[in-house]
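If you're wondering where the values come from, they're calculated on a predicted model, not measured in any experiment. Just so it is clear: chains get the letters A, B, ... in the order the sequence lines come, proteins before strands, and each one is counted from 1.
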Number of protein chains: 2
Amino acid sequence: MLNSILFYSLDKAIRSYRRLAQANIDRAGLDITIDQWLVLRVLLEHDDLTQHEIAERVFKDQASVARMLALLTKRGLLSAVPLPQDGRRTQLRVTEQGQQMLDAVHPIVLDNRATALAGLAEDELAVLQQLLERIALNCTPAIS
Amino acid sequence: MLNSILFYSLDKAIRSYRRLAQANIDRAGLDITIDQWLVLRVLLEHDDLTQHEIAERVFKDQASVARMLALLTKRGLLSAVPLPQDGRRTQLRVTEQGQQMLDAVHPIVLDNRATALAGLAEDELAVLQQLLERIALNCTPAIS
DNA sequence: GCAGGAATTATGATGTATCATAAAGTTTAC
DNA sequence: GTAAACTTTATGATACATCATAATTCCTGC
């Protein structure tokens with residue numbers, strides 16, 4: 001009965017994937033969560049984002065991002081140096097250790113994706129992605 | 001770049017939906033979370049499940065379910081009476097108040113689904129659901 | 001320049017996710 | 001019958017989700 005509900009399937013797919021992904025990271029002896037990994041990944045590309053901008057990119061909220069940044073910094077994967085031109089912000093940079101972590105996690109992530117999407121054709125994935133985007137759009141209140 | 005990653009879209013779709021759903025429930029002045037609602041819904045149909053069985057049905061884990069049951073009971077939406085034939089378990093029943101909550105939330109949930117799935121055809125939904133099930137299956141380690 | 005508003009970050013409160021484990025009850029083997 | 005194995009539930013620890021709000025700092029209009 002629950003099985004017939006689309007959002008149940010959606011939830012199940014995402015959680016199954018997250019469990020698989022985290023299990024494989026743990027198994028490799030790497031001490032990082034997939035959420036932290038995602039944030040670190042974004043910061044590698046852009047080191048000039050506000051917490052709000054980071055949150056938008058990883059689809060979380062600012063409060064969650066603030067706590068993840070604090071954790072990543074505490075763990076030495078990220079450095080935060082006060083910005084002279086804006087007393088509120090800091091310059092966020094992935095550290096050497098953070099870079100090593102990203103490097104170590106990368107092949108695992110690729111492997112996870114391959115496992116999760118095994119047997120799905122390119123065009124199926126395209127359709128899936130497009131439908132998901134439409135749902136997300138439907139659920140997002142118009143800004144104007 | 002992130003946008004091209006399927007799991008990012010998956011995550012985004014589910015979270016958009018959850019935010020929409022919770023916002024509408026809050027707006028109606030109803031004090032319940034969608035997760036609690038789901039558990040309550042299951043208990044209405046089956047009042048003889050162990051926490052582990054409930055967890056399987058709502059795709060959560062036993063620890064989460066235990067805490068949600070405690071909350072629901074504290075809020076008077078659920079009653080838990082010790083079972084004579086098994087000293088570990090309790091008989092879980094949705095209370096009158098819980099029933100009223102379910103009744104109040106139901107139309108909102110229907111409305112949320114309609115909003116989220118607007119413009120998607122029946123056959124598109126079928127495809128989507130089938131693809132999601134396959135992903136979930138791929139991510140679930142074989143039991144044997 | 002300065003007052004009011006906006007942006008940025010931090011944090012409290014509450015709820016859920018996950019793993020691990022403890023505590024208590026039940027079943028099975030013998 | 002009892003010891004060992006198994007079930008069931010509760011809870012500790014840590015992390016993320018969300019809303020609200022406080023505390024700074026910056027910017028803008030005047």
Side-chain angles (χ1 to χ4, degrees), chain A residues 11-12 14-27 30-40 48-56 58-75 77-78 80-92 139, chain B residues 11-12 14-27 30-40 48-56 58-75 77-78 80-92 139:
Chain A
D11 209 50
K12 195 160 137 186
I14 258 291
R15 288 205 216 175
S16 300
Y17 177 69
R18 291 177 73 92
R19 282 179 196 173
L20 170 75
Q22 193 64 57
N24 283 339
I25 289 174
D26 293 349
R27 178 132 34 82
L30 300 173
D31 185 21
I32 192 172
T33 68
I34 38 181
D35 293 301
Q36 289 170 10
W37 170 81
L38 186 58
V39 169
L40 209 56
D48 58 347
L49 301 176
T50 66
Q51 290 185 1
H52 187 70
E53 289 167 336
I54 297 171
E56 273 186 344
V58 299
F59 211 73
K60 298 177 181 300
D61 78 337
Q62 177 266 326
S64 296
V65 168
R67 276 147 181 147
M68 281 193 279
L69 293 179
L71 260 176
L72 286 169
T73 303
K74 198 175 85 177
R75 293 195 179 164
L77 304 179
L78 200 63
V81 179
L83 273 176
Q85 70 267 32
D86 190 333
R88 298 166 298 184
R89 304 184 47 195
T90 57
Q91 168 83 33
L92 298 170
C139 292
Chain B
D11 209 48
K12 195 160 136 186
I14 256 290
R15 289 206 214 177
S16 301
Y17 176 70
R18 290 176 74 92
R19 282 178 196 174
L20 169 76
Q22 192 64 55
N24 284 338
I25 289 173
D26 293 349
R27 178 134 34 82
L30 300 172
D31 185 21
I32 192 171
T33 69
I34 39 181
D35 292 301
Q36 289 169 11
W37 171 80
L38 186 58
V39 169
L40 209 57
D48 57 347
L49 301 176
T50 66
Q51 292 184 359
H52 187 70
E53 289 167 336
I54 297 170
E56 273 187 344
V58 298
F59 210 72
K60 298 176 181 302
D61 78 336
Q62 177 264 326
S64 297
V65 168
R67 276 149 180 145
M68 283 192 277
L69 293 179
L71 260 178
L72 287 168
T73 303
K74 198 174 86 177
R75 294 194 178 164
L77 304 178
L78 201 64
V81 180
L83 273 175
Q85 70 269 30
D86 190 333
R88 298 167 298 183
R89 305 185 45 195
T90 58
Q91 167 83 30
L92 297 171
C139 293

J.: May I ask you to decide if A:E53's main-chain N or O and A:E56's side chain share a donor-acceptor pair within less than 3.5 Å?
T.: no
J.: Within residues 15-24 of chain B, which residues have any heavy atom lying less than 4.0 Å from an atom of DNA chain C?
T.: none
J.: How many Å lie between CG on A:D35 and C1' on C:dT18, as a whole number?
T.: 12 Å
J.: Which part of the nucleic acid, if any, lies within reach of A:D61 when heavy atoms closer than 4.0 Å are counted: base, sugar-phosphate only, or nothing?
T.: base
J.: Taking 4.0 angstrom as the limit, do B:K60 and A:D11 come out as a salt bridge?
T.: no
J.: Tell me, do B:D35 and B:R18 make a side-chain contact under 4.5 Å, heavy atoms counted?
T.: yes
J.: Partners of A:D86 by salt bridge (charged side-chain N to carboxylate O under 4.0 Å, His left out), sequence neighbours excluded?
T.: A:R88
J.: Check the pair A:L78 / A:V39 against side chain to side chain contact (heavy atoms under 4.5 Å, CB included), numbers first and verdict last.
T.: CA-CA 10 Å; A:L78 200 63; A:V39 169; 5.8 Å; no
J.: Picking from A:V81, A:L83, A:L72, A:I54, what satisfies side-chain contact (heavy atoms from CB on, under 4.5 Å) with A:L92?
T.: A:I54
J.: Pick the nucleotide of DNA chain C nearest each of B:K74 and B:G87; which residue has the one closer to the 5' end?
T.: B:K74
J.: Could you check whether any side-chain N or O of A:Q22 sits under 3.5 Å from a backbone N or O of A:I34, counting only pairs where one atom can act as donor and the other as acceptor?
T.: yes
J.: To the nearest Å, give me how far apart CG (B:D26) and P (D:dA17) are.
T.: 18 Å
J.: Going 5' to 3' through nucleotides 4-13 of chain D, assign each nucleotide B (protein heavy atom under 4.0 Å from a base atom), S (under 4.0 Å only from sugar-phosphate atoms) or - (no protein heavy atom that close).
T.: ---BSBBBBB
J.: Could you tell me the separation between the NZ atom of A:K60 and the P atom of C:dT16, rounded to a whole number of Å?
T.: 18 Å
J.: Whole angstroms only, please: what is the CD1-P distance between A:I54 and C:dT9?
T.: 8 Å
J.: To the nearest angstrom, how far is A:L38 atom CG from D:dC16 atom P?
T.: 11 Å
J.: If each of B:Q85 and B:F59 is mapped to the nucleotide of DNA chain C with the nearest heavy atom, which maps nearer the 5' terminus, i.e. the 5' end?
T.: B:F59
J.: For B:W37 and C:dT16, give me the distance from atom CH2 to atom P, rounded to whole Å.
T.: 14 Å
J.: Could you give the CG-to-C1' distance, from A:D11 to C:dA17, as a whole number of Å?
T.: 11 Å
J.: The test is side chain to side chain contact (heavy atoms under 4.5 Å, CB included); show your working for B:T73 and B:T90 and say whether it passes.
T.: CA-CA 12 Å; B:T73 303; B:T90 58; over 6 Å; no
J.: Could you check whether A:R19 makes a cation-pi contact with B:F59, meaning its NZ or CZ is under 6.0 Å from the centre of the six-membered ring and within 45° of the ring axis?
T.: yes
